[in-house]
Every structure is written in structure tokens, then in C-alpha cells.
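Below is one structure, written out as C-alpha cells; the observations come after it.
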Amino acid sequence: MNYWLMKSEPDVYGIEDLKRDRTTVWDGVRNYQARNFLRSMVPGDRVFFYHSNTTPPGIVGLMKVAEPNVIDPTQFDAKSKYYDPKATKDTPRWQTVIVAFVETFPQIITLDTLRETFSPDDLWVVRQGNRLSVMPVPEAVAEQILKQAKG
DNA sequence: GCCAACGTTGGC
DNA sequence: GCCAACGTTGGC
């Protein structure tokens, strides 16, 4: 089983939304490195839910991969901000996953705390200027985050 | 293939 | 709202 971290702005789609929906298509990723990570996810992989562009930013809970290799439907939707005119049904460009809610942590693990605990090489989200929205998390780091989440 | 311009992300 | 960092685009 692999561990990952994915970002979302809570004003757009936060962990409370996922808790309500139970599952969701993680659409709108339009970065090739992030997409390649999405492509390599398998069912059961654990994904930390990170709230970005909010105060404070940080890890707020856990999800799991429910269905891998899902074609992002927004790439075909001309009205979507994620519309990609170069994508066709025969040759889609953007794959993603369906995630399922697992838990909301009792309290957020803030970016400040993550910076104190982990090095940028171990946890990419603490790298300066990091804009990648999907990234792998080493197992040892993931276990430490989970331990921290339980208090 | 280089790189300047541009748009976006995301912390603060 | 500001702006640094960074990915993408497009002219050459």
C-alpha cells in the first residue's frame, strides 16, 4: 500500500464535502507530474487530505483510493474551467482516481508543524514554493503523520 | 532548444 | 491583496 498527499482548497472542495459525499472524482488536476502520480495509484492506497490556500494550511484527514485510473470527465466539458480542447474521448489526457473518505483528524496538522517535523526531502509539501498538488509520501513519514494525528 | 512573458498557486 | 515561486506558452 502506498501513501500520498493531495491538496484542495477548502473553499472549493474540503474534507467536509468529501465526508458528506463519501466518495468523489478528484478532477481538475492539470499538471503532468501530478497526473503521473495519480496514474500510479492503486485501490486501497491512503491519501492525506491537505487544505491549501486557507488559514492555517495543513493536513486535515485521510482518504483512500476507491477506484484507480478514472478518466477526468471535465477535460471534455467545454463549460468547465478544466476543459482541454486537445483531449478526445479516444485519447484522453487526464486520468485521476475516485477517492473515498476515511477520517477527519481530531485536529489539523498545520504546515508549521509539518515543517518542524519533516525535512523537505521527506515531505515535499514543506518544500519552499512547492505547487505540486499530488505527491507521494514515504511510508515512515506517513506513519509518523498518522501517529501525530491521533495526538 | 532557448528563454522571456505570462498565468497560476498558495503562503503570508 | 501581495508577491515569490514555478509551470507553460510561444516567438525566434
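Labels below follow one simple rule: chain letters A, B, ... track the order of the sequence lines, proteins then strands, and each chain is numbered from 1. Quick caveat, the model's predicted, so the values are computed rather than measured. FYI, side chains are in, hydrogens and waters are out, and symmetry mates aren't considered; it's all heavy atoms of this structure.
Between A/Asn53 atom CG and C/dG1 atom P the separation is 13 Å, expressed in whole Å. What separates CG of A/Asn36 from C1' of C/dG7 is a distance of 14 Å, to the nearest Å. Spacing between atom CZ of A/Arg30 and atom P of C/dG7 amounts to 18 Å, rounded to whole angstrom units. Rounded to whole Å, the distance from CG on A/Leu111 to P on B/dT9 is 18 Å. The nearest whole Å value for the distance from the CG atom in A/Leu114 to the P atom in B/dG10 is 15 Å. Put simply, CD on A/Gln128 is 17 Å from P on C/dC3, counting in whole angstrom units. What separates CG of A/Asp84 from P of C/dT9 is a distance of 9 Å, to the nearest Å.
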Full working for side chain to side chain donor-acceptor pair (under 3.5 Å) between A/Thr110 and A/Asp112: CA-CA 5 Å; A/Thr110 64; A/Asp112 279 349; 5.2 Å; no
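The side chain of A/Lys7 lies closest to B/dG10 when the candidates are C/dT8, B/dG10, B/dG11. Nearest to the side chain of A/Asp112, among C/dA5, B/dC12, B/dG11, sits B/dC12. Closest approach to the A/Arg115 side chain among C/dA5, C/dT8, B/dG11 is made by B/dG11 (side chain taken as heavy atoms from C-beta onward). Minimum atom distance to the side chain of A/Tyr32 is reached by C/dT8, of the listed B/dC12, C/dA5, C/dT8. For A/Asn31, the listed nucleotide lying nearest its side chain is C/dT8; candidates were B/dG10, C/dA5, C/dT8.
Among the protein residues, A/Glu9 comes within range of no part of the nucleic acid, since none of its heavy atoms lies under 4.0 Å from any strand.
Note on A/Tyr50: every side-chain N or O is 4.0 Å or more away from OP1 and OP2 of B/dT9. Listed pair A/Gln33 / C/dG7 fails the phosphate criterion, with no side-chain N or O lying under 4.0 Å from OP1 or OP2.
Residue order along DNA chain C, read from the 5' end via each residue's closest nucleotide, puts A/Asn130 first among A/Asn130 and A/Lys86. Closest-nucleotide positions on DNA chain B for A/Tyr82 and A/Thr55 were compared, and the one nearer the 5' end corresponds to A/Tyr82.
A/Ser133 places a side-chain heavy atom less than 4.5 Å from the side chain of A/Val29. The shortest side-chain heavy-atom distance between A/Asn53 and A/Asp11 does not fall under the 4.5 Å cut-off.
If you take OG on A/Ser119 and CG on A/Leu114, they are separated by 12.0 Å, rounding to the nearest 0.5 Å.
At distances below 3.5 Å, not a single donor-acceptor pair connects side-chain atoms of A/Thr113 with backbone N or O atoms of A/Ile109.
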